[in-house]
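Chain identifiers are assigned alphabetically (A, B, ...) following the order of the sequence lines, protein sequences preceding nucleic acid strands; residue numbering begins at 1 within each chain. Owing to the predicted nature of the structure, the values given are computational and were not obtained by experimental measurement.
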Number of protein chains: 2
Amino acid sequence: MASVTGPEIERLIQLLARLPGLGPRSARRAALTLIKKREQLMVPLSSALQIACERVVVCSNCGNIDTCDPCTLCSDPRRENTLLVVVEDVADLWALERAGVVNARYHVLGGTLSPLDGVGPEDLTIDRLVARVAEGGVSEVILALNATVDGQTTAHYVTDLLAPTGVKVTKLAHGVPVGGELDYLDEGTLAAAIRSRTPF
Amino acid sequence: MASVTGPEIERLIQLLARLPGLGPRSARRAALTLIKKREQLMVPLSSALQIACERVVVCSNCGNIDTCDPCTLCSDPRRENTLLVVVEDVADLWALERAGVVNARYHVLGGTLSPLDGVGPEDLTIDRLVARVAEGGVSEVILALNATVDGQTTAHYVTDLLAPTGVKVTKLAHGVPVGGELDYLDEGTLAAAIRSRTPF
Ligand SMILES: [Zn+2]
Ligand SMILES: [Zn+2]
């Protein structure tokens, strides 16, 4: 291919192919679309990526992704301070916010405990979560973790660590399909799962 | 979403969602992947896009996409000048080059005639194709157009326009794809494969 298109286009295709949802063939199509729609798509995307490279940061408080630290959610005065929703990933936080079912603060763990994959507590923001709760002001921690084995293992681990603080720990109601991931659920299911949260 | 992540990330997601193969959900996943893999993926992709914006051009001779004009293929002294392969799209040119089956020059039409979609001859590079052939030196034009109604309409139109030049015009053979199973082929393909049968 290098002899056909020059190394610059080949490099663009290779990088696009590393995005989730794009394989080598769709990366080529995406590159062609970008080049054909130079002004409407390639230039704006290039600029948006440059801005993201320069400005996007991980919130040092909650682990959300934003262009300010603390993030918009941590700084929002209208949020309920007593309610803390723990999620595995920023995608799950976004899913809950899209559903608009809870007015709370968040804590992004950055994954789940997974001994088989070598992911231990030190790889997640569990210490930071315990510290946030220990600071006081939080009356309930909602564990909004995926209904997977690793998600539930992590829920148990976090619950044990939070026990000394006396905080109420709840989890999403069943209604989250077993083995399902939050990011794939519709708003109604997410709303029902928040409403029917049960003591852990 | 704007209130959750800031407009910069939302803008990135919206632009990614306009790439073929990515919908709104996969665009969000792609954006998160980019942000998480900042140094390994987002910064290099941003840079590759910026380079593409600055350097990628459409070859004024053949319609190929490259970082030089005339393109690498038009400038390649080892290519057969007498053979001109006409394709609809740069993606088709790339497919033929990956297959490495023909040592020729190319001509990219930029689409097919499609009266229903309002695509007429003036929207394609047909004039330029006729001019290239009229300049002399080409002994055969291979129409490597898609076996669709629009592709075949375009093939007929181009063949008529090239008739006065006296150049030999051929088209790709129809038949059973290599590795293809008869059971999955449509009747038109089977009929063509029978008609063009060859001695065993
Ligand atoms: Zn935050
Ligand atoms: Zn060219």
Side-chain angles (χ1 to χ4, degrees), chain A residues 1-9 11-12 14-16 18-23 25-38 40-53 55-56 58 64-68 71-73 76 89-91 93-95 97-98 183-184, chain B residues 1-9 11-16 18-23 25-38 40-56 58 64-68 71-73 76 89-91 93-95 97-98:
Chain A
M1 283 297 292
S3 66
V4 188
T5 59
E8 295 89 348
I9 298 170
R11 171 104 176 118
L12 177 61
Q14 279 168 3
L15 288 165
L16 287 170
R18 288 170 55 194
L19 291 177
L22 289 183
R25 180 186 299 273
S26 46
R28 281 196 298 270
R29 292 199 168 271
L32 271 177
T33 299
L34 284 166
I35 292 166
K36 283 179 195 164
K37 300 184 175 174
R38 191 183 180 284
Q40 313 100 290
L41 192 52
M42 186 159 68
V43 171
L45 181 59
S46 172
S47 153
L49 272 173
Q50 210 177 333
I51 290 169
C53 287
R55 306 234 283 258
V56 170
V58 174
N64 188 17
I65 283 167
D66 206 336
T67 45
C68 46
C71 73
T72 315
L73 293 182
D76 185 351
D89 198 90
V90 174
L93 187 163
W94 289 1
E97 283 298 302
R98 279 198 304 280
D183 201 20
Y184 285 87
Chain B
M1 282 296 292
S3 66
V4 188
T5 58
E8 295 87 349
I9 298 170
R11 171 102 175 120
L12 177 61
I13 294 170
Q14 279 170 2
L15 288 166
L16 287 170
R18 288 171 55 193
L19 291 177
L22 289 183
R25 181 188 299 275
S26 47
R28 282 196 298 269
R29 292 197 168 270
L32 272 176
T33 299
L34 283 165
I35 291 166
K36 283 180 193 164
K37 300 187 175 171
R38 191 183 180 285
Q40 314 98 291
L41 192 51
M42 186 160 67
V43 171
L45 181 59
S46 172
S47 152
L49 271 173
Q50 210 178 335
I51 290 170
C53 286
E54 287 162 8
R55 299 221 220 129
V56 170
V58 173
N64 188 17
I65 283 168
D66 205 336
T67 45
C68 47
C71 73
T72 317
L73 293 181
D76 185 351
D89 197 272
V90 175
L93 187 163
W94 289 0
E97 281 299 300
R98 279 199 304 281

Q: Rounded to the nearest 0.5 Å, what's the gap from CH2 on A/Trp94 to CD1 on B/Ile9? Could you check?
A: 5.5 Å
Q: Go through the atoms of B/Gln50 and report whether side chain, backbone, both or neither lie under 4.5 Å from a heavy atom of chain A.
A: both
Q.
So, taking the atom named CG in A/Asp66 and the one named CD in B/Glu8, what distance separates them when rounded to the nearest 0.5 Å?
A. 8.0 Å
Q) Checking heavy atoms, do the side chain of A/Arg18, its backbone, both or neither come under 4.5 Å from chain B? A) both
Q | Matching residue for A/Asn64 among A/Leu73, A/Val58, A/Thr72 - test: side chain to side chain contact (heavy atoms under 4.5 Å, CB included) | A | A/Leu73
Q. Which one of B/Ala52, B/Ser26, B/Ala27 has the most heavy-atom pairs closer than 4.5 Å to chain A?
A. B/Ala52
Q) Between A/Lys36, A/Arg29, A/Arg38, which shows the greatest number of heavy-atom pairs under 4.5 Å with chain B? A) A/Arg38
**Q.** Leading residue by heavy atom contact count with chain A [cutoff under 4.5 Å; candidates B/Leu34, B/Ile51, B/Ile35]
**A.** B/Ile35
Q.
Using heavy-atom distances under 4.5 Å, tell me whether A/Asp89 contacts chain B through its side chain, its backbone, both, or neither.
A. side chain
(Q) With chain A as the partner, which of B/Ala48, B/Cys53, B/Gly21 has the greatest number of non-hydrogen pairs under 4.5 Å? (A) B/Cys53
Q. Roughly how far, to the nearest 0.5 Å, is CG of A/Leu22 from CG of A/Leu15?
A. 12.0 Å
Q. What are the two closest non-hydrogen atoms of A/Leu19 and B/Ala30, and how far apart are they?
A. CD2-O, 4.1 Å
Q) Quick one: what part of A/Gln40 sits under 4.5 Å from any heavy atom of chain B, side chain, backbone, both or neither? A) both
Q) What distance separates A/Leu93 CG from A/Arg98 CZ, expressed to the nearest 0.5 Å? A) 10.0 Å
Q: Might you point out which heavy atoms bring B/Pro44 and A/Arg11 nearest each other, and give the distance in Å?
A: CB-NH2, 3.6 Å
Q) When only pairs under 4.5 Å are counted, which of B/Leu32, B/Val43, B/Val56, B/Thr33 shares the most heavy-atom pairs with chain A? A) B/Leu32
